Structure formats: C-alpha cells, structure tokens
Visitor: 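Quick one: this structure, given as structure tokens, is what I'll be asking you about.
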Number of protein chains: 2
Amino acid sequence: MNSDPATRIRALGARVTPARLAVLRLLEGADRALSHHDVEAALSDLDIDRVTLYRVLDWLVESGLAHRVTDAQRVFRFSLAAPNAPQHDQHAHFRCEDCGKVFCLDDVQIAQPALPKGFSAKSVGLSVTGQCAQCDRHTAAK
Amino acid sequence: MNSDPATRIRALGARVTPARLAVLRLLEGADRALSHHDVEAALSDLDIDRVTLYRVLDWLVESGLAHRVTDAQRVFRFSLAAPNAPQHDQHAHFRCEDCGKVFCLDDVQIAQPALPKGFSAKSVGLSVTGQCAQCDRHTAAK
DNA sequence: CACGTTAATGCAATCTTGTTGCATATAATC
DNA sequence: GATTATATGCAACAAGATTGCATTAACGTG
C-alpha cells in the first residue's frame, strides 16, 4: 500500500536521484526527526553535497512527504509524513532535554484551542520537552 | 501591584539602564512576541547596539521576566512573562501565516498528552498557525 | 541505444541569527 | 565627586541555511 521510494518519487513528477532515494530511505527508517546535520552524517559515505541535502529536504517538505519542525536550538528537523495521516494539520513532537533527540508523537490527538475573535487556525503543533525513556533510565540507574 | 520598570529591574539586583528600560517598556506594551529584529526596529531612535539588545533579551529570560520562543522561521521571539502566571511550564502561541506576527494565547489550557512508556514531560508548548484577525479582514475585504 | 532537454547537482559565495572577547563607559555606592 | 563592578560598544566569529550559476545526469523520444 505504501509503495517503494522510487515509485513515490516518480508519482510526484520528480526525478529519482540517489540523494532523494537515500534521504527518503533514511527518514523511513528513522524513529525520530532528523536534522540536516544528522542526515549529512548518516549519508556521509555517499558524498552528497551539503546544499543538495538542503534542497532534497526542502523538496520533501514542499511535496508533502515530510514535515519540518524547528527545535529549541533553532535548527530544522525533518520527519516523514505519515502517508495516510489526516493531511497533517496537526503534529506533536517530544524533545529530550538530556540527549536532544526529537521524537514524533504520532498518536497524540491535539485539541483545537479557542482563539481570539477573528483568528482562524490552519494547523496546530504540540511540542513537549522532558526526558526520553533512555535518558530516564540513565538517571534512574545512578 | 506590578511596579514600574525601573523598580522591577532594581528588585533583581541589576542596574537600571536605558536599554533595559526601553526593552521592558516595549515588551510591556506589545500584544505579541517580539523578535530581536522587531525590538531593534522599534528602538532604532535610541541607537542601542545589536549585541546589547541580545544581552538585554537574554537577561530578561534568565531573570524570569520574559519567555523565549522559537518560531518556525528559527528566530527567537520574546514576550513578557505574566507576573503571576502559573509558572509557565506550558505556553501557547499563534503565528499568522500572512503577516508573520506571533501572538501569545494566554488563556489556552493545554492538555498533557499521553507519552510513550518511559517518557516524562517537563513542559508543553502549543503552536497554532493560521490567519490573525487583521489579515483575515484584509482577505475578506477583497 | 544514442540524443536532447530540463531537472538536479556541486561549488563558492552570501545571508541571517546569534555569540564571544575585550576595552571603554556608566550606574550605583560611598 | 571619586570608586568600582556592571553594562555597553565594537569587532570578530560561528552555525545554519540560502542563492547564483555552470555542469551533470535522469528520462522521454526517436
């Protein structure tokens, strides 16, 4: 039901290139939102240009395949959009204060808040910070 | 009950300087979170150094007088902390997609979401995007 | 399968936001 | 008014992201 990366790329009318394939596969396998830096490090053996990665990531967001989140350190992080998600106008993330990793909270339902008169919401994002399971274990183990 | 800027600054054991007074007054009168850029523009006649503004804003955050938010454009925005707010471990913001302004949604109550096993939340932030009242009016007027 | 077209890429330069080090100025105290 | 620690101003730096432009390569066509 969720076709392979190459097919998905072609379905968007875009060319299938090594960079796009690699980034798409990487994000598919990631359990958290990755920054440009993360992606660069993970794909370092492919020797893809920094700028190309930026452009691939931008393209992913523009074509709706991925989300872009800004973390507290003001860097962009990218996570694959759930292919059959409710057209993502809401998204929740968790950022661990210890290790800095960002996780997607896919199954959190966000309540639409009441807005001042005249305001209309298009999307709602929830960002939670705290301690992730791994870091919590470390602390507890002390 | 909420004393004047100079007194508030002194109460923190800090010196009362033109830059601090000006920034504090500006934020007090602002109905939305201001970026460093916003502040610089608003106080341009005072000819305060860029770095000084950064330091004043940092100082405001450190001393608990203001909050720092990161918006989707990866710039920091600052808003005065409500002096008797529920010690801000949750905060909601609205960002207008048309004019780019960021508003604080002070009276929105954020529900603590369910987290994966082992995760613990320390703070929760809600960010809503859409159209603010003013921009909505413009669109409608067309 | 060679060819041509056009989208992608690579590289260098640039921009934006924010930070740091250090000499100088100034708010507060006496 | 003199003293002193705190703030400021300036210049340099740093990291993340963007832009312009020449070159490469994906893919439809013959």
Side-chain angles (χ1 to χ4, degrees), chain A residues 4-25 33-63 65-78 95 100 102, chain B residues 4-25 33-63 65-78 95 100 102:
Chain A
D4 75 298
T7 312
R8 283 216 273 167
I9 294 173
R10 242 181 293 262
L12 293 167
R15 291 184 183 173
V16 178
T17 66
R20 283 179 182 161
L21 276 177
V23 173
L24 206 44
R25 287 214 188 92
L34 302 180
S35 65
H36 173 272
H37 194 75
D38 293 336
V39 175
E40 195 172 25
L43 304 180
S44 59
D45 50 327
L46 292 185
D47 213 54
I48 304 173
D49 190 78
R50 224 165 53 84
V51 177
T52 299
L53 284 186
Y54 276 116
R55 290 198 264 232
V56 168
L57 292 169
D58 285 350
W59 166 80
L60 281 172
V61 173
E62 271 165 34
S63 51
L65 291 186
H67 302 312
R68 191 206 314 264
V69 212
T70 315
D71 74 1
Q73 278 62 57
R74 42 178 245 113
V75 314
F76 291 142
R77 291 181 170 275
F78 302 84
R95 186 171 163 280
V102 175
Chain B
D4 76 297
T7 312
R8 284 215 274 167
I9 294 174
R10 244 181 292 263
L12 292 166
R15 291 187 181 171
V16 178
T17 65
R20 283 178 182 162
L21 276 177
V23 173
L24 206 45
R25 287 214 187 93
L34 302 181
S35 66
H36 173 271
H37 192 76
D38 293 336
V39 175
E40 196 173 23
L43 305 181
S44 59
D45 50 329
L46 292 185
D47 214 53
I48 303 172
D49 190 77
R50 220 166 57 84
V51 176
T52 300
L53 284 186
Y54 274 116
R55 290 199 264 233
V56 168
L57 291 169
D58 285 349
W59 166 80
L60 280 172
V61 173
E62 270 164 33
S63 50
L65 291 186
H67 301 313
R68 191 207 313 264
V69 212
T70 316
D71 75 358
Q73 278 64 57
R74 46 176 244 115
V75 314
F76 291 141
R77 290 181 170 274
F78 302 84
R95 182 170 167 283
V102 175

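Every value quoted in this text rests on a predicted model; they were computed, and no experiment measured them. Proteins get letters first, then strands, A, B, ... in listed order; numbering begins at 1 in each.
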Visitor: Starting at atom CZ of B/R68, determine the distance to atom C1' of C/dT19, rounded to an integer number of angstrom.
Guide: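 To the nearest whole Å, that distance equals 11 Å.
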Visitor: Can you tell me how far P of D/dT6 sits from CG of B/L21, to the nearest Å?
Guide: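 The answer, rounded to whole Å, is 19 Å.
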Visitor: Counting only side-chain N and O atoms of B/Y54, is one of them less than 4.0 Å from OP1 or OP2 of C/dG18?
Guide: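 Checking C/dG18 against B/Y54, a side-chain N or O does come within under 4.0 Å of OP1 or OP2.
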Visitor: Expressed as a whole number of angstroms, how long is the span from B/D47:CG to D/dT8:C1'?
Guide: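 Value for this atom pair: 12 Å.
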Visitor: Could you tell me how far apart A/L46 (CG) and C/dT9 (P) are, to the nearest whole angstrom?
Guide: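 Distance, rounded to whole Å: 12 Å.
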Visitor: OP1 or OP2 of D/dT6 sitting under 4.0 Å from any side-chain N/O of B/T17?
Guide: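 No, because none of the side-chain N or O atoms of B/T17 sits under 4.0 Å from OP1 or OP2 of D/dT6.
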Visitor: Go nucleotide by nucleotide along DNA chain C from the 5' end; which of B/P18 and A/V56 gets its closest nucleotide reached first?
Guide: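 The residue whose closest nucleotide sits nearer the 5' end is A/V56.
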Visitor: Find the distance A/D58:CG to C/dA7:C1' and express it as a whole number of Å.
Guide: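 Interatomic distance, CG of A/D58 to C1' of C/dA7: 16 Å.
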Visitor: In a check of side chain to side chain contact (heavy atoms under 4.5 Å, CB included) between A/V16 and each of A/T7, A/L21, A/L24, which one passes?
Guide: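 Of A/T7, A/L21, A/L24, side chain to side chain contact (heavy atoms under 4.5 Å, CB included) with A/V16 is met by A/L21 alone.
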Visitor: Could you check if a side-chain atom of B/R77 sits within less than 4.5 angstrom of a side-chain atom of B/D38, using non-hydrogen atoms only?
Guide: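 With C-beta onward as the side chain, the pair touches.
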Visitor: Quick check: does any side chain N or O of A/R20 sit under 3.5 Å from a backbone N or O of A/R15, one acting as donor and the other as acceptor?
Guide: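 Present.
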Visitor: Quick check: does any side chain N or O of B/H36 sit under 3.5 Å from a backbone N or O of B/R50, one acting as donor and the other as acceptor?
Guide: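 Yes: the side chain of B/H36 pairs with the backbone of B/R50.
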Visitor: Looking at C/dT17, C/dA7, C/dC22, which one has an atom nearest to any side-chain atom of B/R50?
Guide: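 Output: C/dT17.
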Visitor: Does D/dA7 have its OP1 or OP2 closer than 4.0 Å to a side-chain nitrogen or oxygen of B/T52?
Guide: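 Answer no for this pair, as no side-chain N or O of B/T52 is under 4.0 Å from OP1 or OP2.
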Visitor: Mind calculating the distance between CG (A/D49) and P (D/dA25) to the nearest angstrom?
Guide: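 To the nearest whole Å, that distance equals 14 Å.
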Visitor: Both B/A14 and B/R74 contact DNA chain D. Taking the nearest nucleotide for each, which residue is further toward the 5' end?
Guide: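 It is B/A14 whose nearest nucleotide is closer to the 5' end.
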Visitor: At under 4.0 Å between heavy atoms, what does B/R20 touch on the DNA or RNA strands: base, sugar-phosphate, or nothing?
Guide: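 Sugar-phosphate contact only - B/R20 comes under 4.0 Å of backbone atoms but never of a base.
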Visitor: How do B/R10 and B/H36 order along DNA chain C: which one's closest nucleotide is nearer the 5' end?
Guide: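 Closer to the 5' end of DNA chain C: B/H36.
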Visitor: So, does the side chain of A/R15 form a donor-acceptor pair with the base of C/dA7 at under 3.5 Å?
Guide: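 Present.
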Visitor: To the nearest Å, give me how far apart NE2 (B/H37) and P (C/dC15) are.
Guide: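 B/H37 atom NE2 is separated from C/dC15 atom P by 15 Å.
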Visitor: In whole angstrom, what separates B/Q73's CD from D/dT18's P?
Guide: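 Taking CD of B/Q73 and P of D/dT18, I get 11 Å after rounding.
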Visitor: Less than 4.5 Å apart, side chain to side chain, heavy atoms only: is that true for B/R68 and B/L60?
Guide: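 No, side chains not in contact.
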Visitor: Determine the contact category for B/V75: base if any of its heavy atoms lies under 4.0 Å from a base atom, sugar-phosphate if only primed atoms, P, OP1 or OP2 are that close, otherwise nothing.
Guide: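 Here B/V75 touches the backbone only, sparing every base.
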Visitor: Base of D/dT8, side chain of B/R55 - is there a donor-acceptor contact under 3.5 Å?
Guide: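 Side chain to base: no pair present.
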